[in-house]
Protein chains: 2
Amino acid sequence: MPAPRKKAAVPAVSVPPSRPDRLDTRVLEALVGYNARRAWLTVSTVFAERMAVYGLKQVDFSVLSLLAHNPGATSRQLCATLDILPPNLVSLISAMDSRGLIERRPHPYDGRAIGLYLTPAGESLVHEAERTVVELEAEASAKLTARERETLIRLLQKIYH
Amino acid sequence: MPAPRKKAAVPAVSVPPSRPDRLDTRVLEALVGYNARRAWLTVSTVFAERMAVYGLKQVDFSVLSLLAHNPGATSRQLCATLDILPPNLVSLISAMDSRGLIERRPHPYDGRAIGLYLTPAGESLVHEAERTVVELEAEASAKLTARERETLIRLLQKIYH
DNA sequence: TATTGTTATACTCTATAACTATA
DNA sequence: TATAGTTATAGAGTATAACAATA
């Protein structure tokens, strides 16, 4: 807390007379959900700008990065891991296939499944993209020390793990 | 970090043979953006369930809570504070007006602006909703100590402030 | 000329139902 | 019967352009 100002007996007065552009957000800012969303929004804005160069959206990057470290993963696995629904992954995968970033190979022993693999072009792109993401993350969390950043990530994971 | 396992020389082997439902997400989980989004998603799911009782979405709650502590705030101020675009607030405000939760009064000295105020019904609803949100937040962050929760919020704010 | 609130509209994201082919 | 991938489609969320009234 920046200054335990005794709650200032919240003025029963209306806002208009002074009308500062800053509203009292103390209640919302006491919520994990609100703060997590705002922080994500900030980071994701920078993310979107930097990734536009590669023609990648956030979910595209997630998929490519997962495939880089999990070659042969299936759509179903990607959906389960990233918490997205199968129908919404189809066009995404199909587009990256058309771009020559990934390729689909029939699964060795399950005729229904399709293994997804990065092409050399995909490998190369994801390698550059991952480097940019690391840079961008460092900028976005520039106000945090390395130790604070680790703590932040650890605590966030405690929420959703 | 749970165990600095020397990166295990990431198996160049494909996934299919074993095919565990858990993919290697270490790269993504090292990113603030990814973790903030996942954590928010978790909290917001619980939030949506609990707030459905009151017929409120997250943004509705934010607006009502802001009006509770900033009576007479204008649409423009709500938009600036919550980072939403004016056209997208219109139907939202209008719906809450129809529900009798808020009322619009002409601004005392700016004929363009409209001051927004909670009705008694709105006050009552937001009071109950805020109590439920506090409960829900406690549940969602049950794996954190009170001190960790404070730290988490403080660090998230450092990202977006 | 700039700002508040508004309409209309488009685009993206997310969700549901139903189909096919394999298991 | 259940699962992987797919199609079509609906709904929610977010974005831009343009306008009237007021400053």
Side-chain angles (χ1 to χ4, degrees), chain A residues 15-16 19-21 23 37-38 40-42 44-45 47-49 51-52 55-63 67 72-98 102-117, chain B residues 15-16 19-21 23 37-38 40-42 44-45 47-49 51-52 55-63 72-98 102-116:
Chain A
V15 171
R19 198 139 77 99
D21 254 21
L23 297 181
R37 181 174 175 278
R38 294 302 296 249
W40 169 72
L41 214 71
T42 298
S44 79
T45 299
F47 193 105
E49 287 166 3
M51 284 297 124
L56 297 179
K57 306 194 179 192
Q58 312 193 36
V59 65
D60 298 321
F61 171 79
S62 295
V63 166
L67 290 181
T74 66
S75 285
R76 201 219 144 273
Q77 288 178 310
L78 293 175
C79 283
T81 304
L82 295 175
D83 212 355
I84 55 186
L85 296 166
N88 299 329
L89 188 65
V90 176
S91 62
L92 206 151
I93 292 292
S94 157
M96 293 200 286
D97 191 356
S98 301
I102 66 174
E103 59 178 23
R104 326 187 203 197
R105 301 183 205 156
H107 193 279
Y109 62 82
D110 185 338
R112 298 169 301 182
I114 298 170
L116 301 171
Y117 298 82
Chain B
V15 171
R19 200 140 76 99
D21 255 21
L23 296 181
R37 181 174 175 278
R38 295 302 296 248
W40 170 73
L41 214 72
T42 298
S44 77
T45 299
F47 193 105
E49 288 167 1
M51 284 297 122
L56 297 180
K57 305 191 181 196
Q58 310 194 36
V59 66
D60 298 321
F61 172 79
S62 295
V63 167
T74 67
S75 285
R76 201 220 144 273
Q77 288 176 309
L78 293 175
C79 284
T81 303
L82 295 175
D83 211 356
I84 56 186
L85 296 167
N88 299 328
L89 188 66
V90 176
S91 62
L92 206 152
I93 292 291
S94 158
M96 293 199 287
D97 191 355
S98 302
I102 65 174
E103 58 178 22
R104 326 187 203 198
R105 302 183 205 156
H107 194 278
Y109 60 83
D110 186 338
R112 298 169 301 181
I114 299 170
L116 301 171

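Below, read A as the first sequence line, B as the second, and so on, with proteins coming before strands; counting in each chain starts at 1.
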Backbone of V90(B) reached by a side-chain donor or acceptor of S94(B) within 3.5 Å: no
Among all residues two or more places apart in sequence or in another chain, which pass the side-chain hydrogen bond (donor to acceptor under 3.5 Å, both in side chains) test with D97(A)? R104(A)
Between T74(A) and L116(A), is there a side-chain heavy-atom distance shorter than 4.5 Å? no
May I ask you to decide if the ring planes of W40(A) and W40(B) are parallel, tilted or perpendicular, using 30° and 60° as cut-offs? parallel
At a heavy-atom distance below 4.0 Å, what parts of residues 82-90 of chain B sit against DNA chain D? L85(B), P87(B), N88(B)
Nearest whole angstrom, please: distance from the P of dT6(C) to the CZ of R76(B). 15 Å
Give every pair of a protein N or O atom and an N or O atom of nucleotides 20-23 of chain D that lie under 3.5 Å apart, one pair per line with the distance.
unit_1, atom_1, unit_2, atom_2, d
dT22(D), O3', G111(B), N, 3.4
dA23(D), OP1, G111(B), N, 2.6

5' precedence on DNA chain C between R37(B) and R104(B) (nearest-nucleotide basis): R104(B)
Intermediate values then yes/no, side-chain contact (heavy atoms from CB on, under 4.5 Å), L78(B) and I93(B): CA-CA 10 Å; L78(B) 293 175; I93(B) 292 291; 4.2 Å; yes
So which nucleotide from dA4(D), dT6(D), dG5(C) ends up closest to the side chain of I114(A)? dT6(D)
Could you tell me whether a side-chain N or O of S44(A) sits under 3.5 Å from a main-chain N or O of F47(A), the two making a donor and an acceptor? no
Name all residues meeting the side-chain hydrogen bond (donor to acceptor under 3.5 Å, both in side chains) criterion together with E103(B); count only those two or more places apart in sequence or in a different chain, and write none if there are none. R105(B)
To the nearest Å, give me how far apart CG (L41(B)) and C1' (dC13(C)) are. 12 Å
Qualifying residues under side-chain contact (heavy atoms from CB on, under 4.5 Å), relative to N88(A), sequence neighbours excluded: L85(A)
From Q58(A) atom CD to R37(B) atom CZ, the distance as rounded to the nearest 0.5 Å: 7.5 Å
Can you name the closest pair of heavy atoms from L89(B) and S75(B) and give their distance? CD2-O, 3.6 Å
Contact list please: residues 55-62 of chain A against DNA chain D, heavy atoms, distance less than 4.0 Å, in numerical order. none
